[in-house]
Amino acid sequence: MSHVVVDPVTRIEGHLRIEAEVDGGQVQDAWSSSTMFRGIELILKGRDPRDAWAFTQRICGVCTTVHAIASVRSVENAIGARPPPNARVLRNLIMASQCIQDHVIHFYHLHALDWVDVVSALKADPEKTSALAQSISDWPLSSTKYFAGVKGRLKDFVDRGQLGPFANAYWGHPAYKLPPEANLMAVAHYLEALDWQRDFIRMHAILGGKNPHLQSFLVGGMATPVDPDRQASINMGSVARMKELTARARDFVTKVYLPDVLAVASFYKDWAGVGGGVGNYLVYGEYPETDDDKPPLFLPSGVIRNRNLGKVEPLDPAKITESVKHSWYEDGEKPLHPRDGETRPRYTGPKPPYERLETASKYSWLKSPRYDGEPMEVGPLSRMLVAYGSGHQRVQELVGTVLKTLGVGPEALFSTLGRIAARCVETVLLTEKIDSWVDALAANMEKGDLRIHDTGKWDPAAWPKEAYGAGFHEAPRGALGHWVHIQDGVIANYQCIVPSTWNAGPRDGSEKRGPYEAALLKTPVADPKQPLEILRTVHSFDPCMACGVHVVDVERRELARVRVA
């Protein structure tokens with residue numbers, strides 16, 4: 001029996017520690033620990049609810065915008081504000097463009113190196129690489145000369161010994177299966193994706209002034225002016241620019257990202273049987289299509305239990321609770337609904353550095369969210385499964401195409417490989433859909449509807465003396481919920497349950513494992529000293545620990561001193 005510690009897990013946002021017991025070449029048990037403390041909820045107490053989004057948006061800089069929209073929705077739900085149609089469309093555009101960019105970044109820059117052996121690419125034949133690339137896509141950057149140039153750049157990089165993001169990896173690990181030519185193609189697209197994502201996210205500069213941390217959110221609507229006759233507004237020129245960006249996004253996703261996922265997955269079909277996890281999936285739903293009180297959603301909400309795609313249950317947020325039995329917080333009498341949630345930090349773990357977590361007691365800053373008492377996986381896989389089971393025609397078509405191309409059955413969806421495929425399917429789906437929201441914005445301007453904000457509920461004098469609200473959003477990494485309690489015009493309590501809290505949380509009061517911990521069981525590990533396979537499954541969830549917790553030094557030591565010259 002080998003005790004494996006991966007700390008810190010890299011190529012994620014934030015600080016995550018994984019411990020596992022490996023025996024017989026497989027993980028027999030696992031523990032997930034976030035080693036930073038959440039503090040935003042405490043900072044918000046006593047503040048103006050209309051300002052909360054600006055604070056919460058800065059919980060994370062990777063999935064920027066997601067906490068802003070959840071916060072704005074929670075306050076609107078509490079005070080009864082109803083944004084006009086243009087605000088809904090603008091928000092859909094911001095959220096979809098964030099998700100598209102985030103998914104591409106995850107595959108190429110956070111996850112691909114678990115499957116792609118960069119050093120092996122130096123042995124590739126550029127001519128064979130070109131033939132491989134042209135056999136799976138008509139992407140123009142696929143000539144022998146092009147791949148020879150990429151190989152030369154990579155060789156220079158390695159020869160200088162300045163490997164940057166390619167350093168300290170497990171190159172040559174026996175779990176790598178791609179031939180050198182596929183590795184070289186993937187490295188080329190890794191570099192192309194850096195340029196592509198930087199270009200595409202200009203959508204946020206158009207819609208919100210900058211990225212990260214857009215400046216255009218507003219309780220009751222948006223602060224982005226819409227007027228075809230004004231230079232300093234979203235006008236027809238802005239619409240044309242967004243159409244260019246979305247067209248290029250669709251090209252890259254369908255001609256590079258999707259073919260790469262299918263090509264890489266074809267060498268790792270055994271991973272369709274690894275990493276299944278808890279088998280329960282939760283989705284809040286996203287992208288409202290109308291301005292009704294309960295609008296139809298482009299991606300439906302729902303709950304799936306025990307991998308039963310034939311039964312998608314309606315989601316009831318009242319069934320959500322959080323346990324802190326294994327979390328570094330003061331114990332309550334029982335698991336609490338987030339509306340009544342508490343954030344009372346109390347670190348009782350070992351002083352770092354430490355060899356092992358105290359897993360019999362408390363071992364993480366994350367709480368343990370549960371739905372109807374059960375752990376739930378959230379994220380792109382959950383969204384695509386719920387959409388598939390709910391009869392979403394386009395999702396069913398795309399999923400069917402992926403399964404047929406790989407020659408695997410529907411059971412392959414419930415796996416590490418399934419998460420990767422689902423993320424790509426969602427990206428294709430959104431690049432197809434996003435144009436319709438650009439067109440809707442243009443249509444509203446053409447008919448003279450320039451409204452962007454509901455001013456009727458802006459004044460706190462119009463609010464109830466006490467109000468509770470909940471705001472939900474399907475962030476790139478999964479179901480995100482914000483709950484606010486407003487009293488006398490200020491925030492009395494604020495709670496967030498973020499995707500990585502659902503997925504990475506520790507065992508609960510009934511000792512049920514969270515999704516990370518459950519997904520790692522039976523994961524093959526060829527060499528406990530080089531736990532590449534553990535990283536594959538953990539990275540498939542796209543961890544974002546900064547969303548889940550925030551750093552504090554319990555000894556109150558000086559961490560840094562900033563001096564202005």
Side-chain angles (χ1 to χ4, degrees), residues 96-97 99-113 115-118 120-155 157 165-166 177-203 242-268 394 397-399 401-402 404-406 417 420-435:
S97 55
C99 200
I100 291 167
Q101 186 220 24
D102 197 277
H103 284 352
V104 172
I105 288 174
H106 176 261
F107 178 72
Y108 286 104
H109 307 131
L110 304 181
H111 198 23
L113 299 185
W115 313 92
V116 174
D117 188 334
V118 172
S120 165
L122 294 174
K123 302 176 183 177
D125 180 338
E127 185 175 355
K128 292 181 180 179
T129 305
S130 175
L132 171 64
Q134 292 178 23
S135 72
I136 63 174
S137 172
D138 61 354
W139 184 245
L141 295 177
S142 59
S143 68
T144 299
K145 182 178 179 181
Y146 173 71
F147 287 115
V150 173
K151 181 180 177 180
R153 289 168 61 192
L154 180 61
K155 185 176 185 303
F157 199 55
F166 303 141
K177 294 184 178 180
L178 294 183
E181 287 71 28
N183 286 317
L184 179 58
M185 181 180 71
V187 170
H189 293 162
Y190 176 107
L191 298 173
E192 289 177 43
L194 287 172
D195 291 330
W196 173 84
Q197 61 85 21
R198 181 184 60 209
D199 180 58
F200 175 67
I201 208 58
R202 288 173 181 165
M203 289 279 292
M242 287 192 286
K243 295 284 278 188
E244 291 173 4
L245 292 170
T246 57
R248 290 208 292 270
R250 191 162 52 250
D251 272 355
F252 188 85
V253 167
T254 57
K255 296 182 179 182
V256 182
Y257 180 21
L258 176 60
D260 279 356
V261 167
L262 295 174
V264 171
S266 67
F267 288 94
Y268 292 102
R394 186 55 179 149
E397 291 171 354
L398 289 169
V399 169
T401 298
V402 169
K404 182 178 180 181
T405 301
L406 294 177
L417 201 64
I420 298 169
R423 189 173 283 107
C424 184
V425 165
E426 181 173 59
T427 311
V428 173
L429 186 73
L430 290 177
T431 58
E432 293 175 349
K433 179 65 176 178
I434 194 170
D435 255 2

**OP:** Apply salt bridge (charged side-chain N to carboxylate O under 4.0 Å, His left out) to K123 and list each qualifying residue two or more places apart in sequence or on a separate chain.
**Re:**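 For K123 there are no salt bridge (charged side-chain N to carboxylate O under 4.0 Å, His left out) partners, ignoring immediate neighbours.
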
Smallest separation among heavy atoms of [X] and [Y], with atom names:
X: T129; Y: M185; answer: CG2-N, 3.8 Å
X: L262; Y: T405; answer: CD1-CG2, 4.0 Å
X: H189; Y: F252; answer: O-CZ, 4.5 Å
X: F147; Y: A188; answer: CE2-CB, 3.7 Å
X: P259; Y: T254; answer: CD-O, 3.2 Å
X: P126; Y: T144; answer: CB-O, 3.7 Å

Original post:
Could you go step by step and tell me if L398 and L429 meet the side-chain contact (heavy atoms from CB on, under 4.5 Å) rule?
Top reply: CA-CA 8 Å; L398 289 169; L429 186 73; 4.2 Å; yes

Counting C-beta onward and ignoring hydrogens, is there a side-chain heavy-atom pair between [X] and [Y] closer than 4.5 Å?
X: D260; Y: Y108; answer: yes
X: L194; Y: R198; answer: no
X: M203; Y: T246; answer: yes
X: S97; Y: I434; answer: yes

Rounded distance [0.5 Å steps], [atom1] in [X] versus [atom2] in [Y]:
X: D102; Y: Q197; atom1: CG; atom2: CD; result: 10.0 Å
X: S130; Y: D125; atom1: OG; atom2: CG; result: 10.0 Å
X: K155; Y: L122; atom1: NZ; atom2: CG; result: 8.0 Å
X: H106; Y: I420; atom1: NE2; atom2: CD1; result: 7.5 Å
X: L178; Y: F267; atom1: CG; atom2: CZ; result: 6.0 Å
X: I105; Y: I201; atom1: CD1; atom2: CD1; result: 7.5 Å

Subject >> Listed partners of Y257 passing ring pair (Phe, Tyr, Trp, His ring centres under 6.0 Å), at least two apart >> reply: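 Residues passing ring pair (Phe, Tyr, Trp, His ring centres under 6.0 Å) with Y257: F107.
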
What residues form a side chain to side chain donor-acceptor pair (under 3.5 Å) with [X], not counting sequence neighbours?
X: S137; value: none
X: H111; value: D114, W115
X: D138; value: none

Counting N and O atoms only, with roles assigned by atom type, does the side chain of [X] sit under 3.5 Å from a partner on the main chain of [Y], one being a donor and the other an acceptor?
X: N183; Y: A124; result: no
X: Y268; Y: K177; result: yes
X: H103; Y: C424; result: no

Subject >> Pair R394 + E397, salt bridge at N-O below 4.0 Å >> reply: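 Looking at E397 together with R394, the answer is yes, because their closest N to O distance falls below 4.0 Å.
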
Just checking [X]: does its [atom1] atom have more than 12 heavy atoms from other residues, nucleotides or ligands closer to it than 6.0 angstrom?
X: R153; atom1: CZ; answer: no
X: K433; atom1: NZ; answer: yes
X: E127; atom1: CD; answer: no

**OP:** List in chain and number order the residues that pass side chain to side chain contact (heavy atoms under 4.5 Å, CB included) with D199, two or more places apart in sequence or in another chain; answer none if no residue qualifies.
**Re:**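 By the side chain to side chain contact (heavy atoms under 4.5 Å, CB included) rule, D199 matches R202, R241, L245, R248.
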
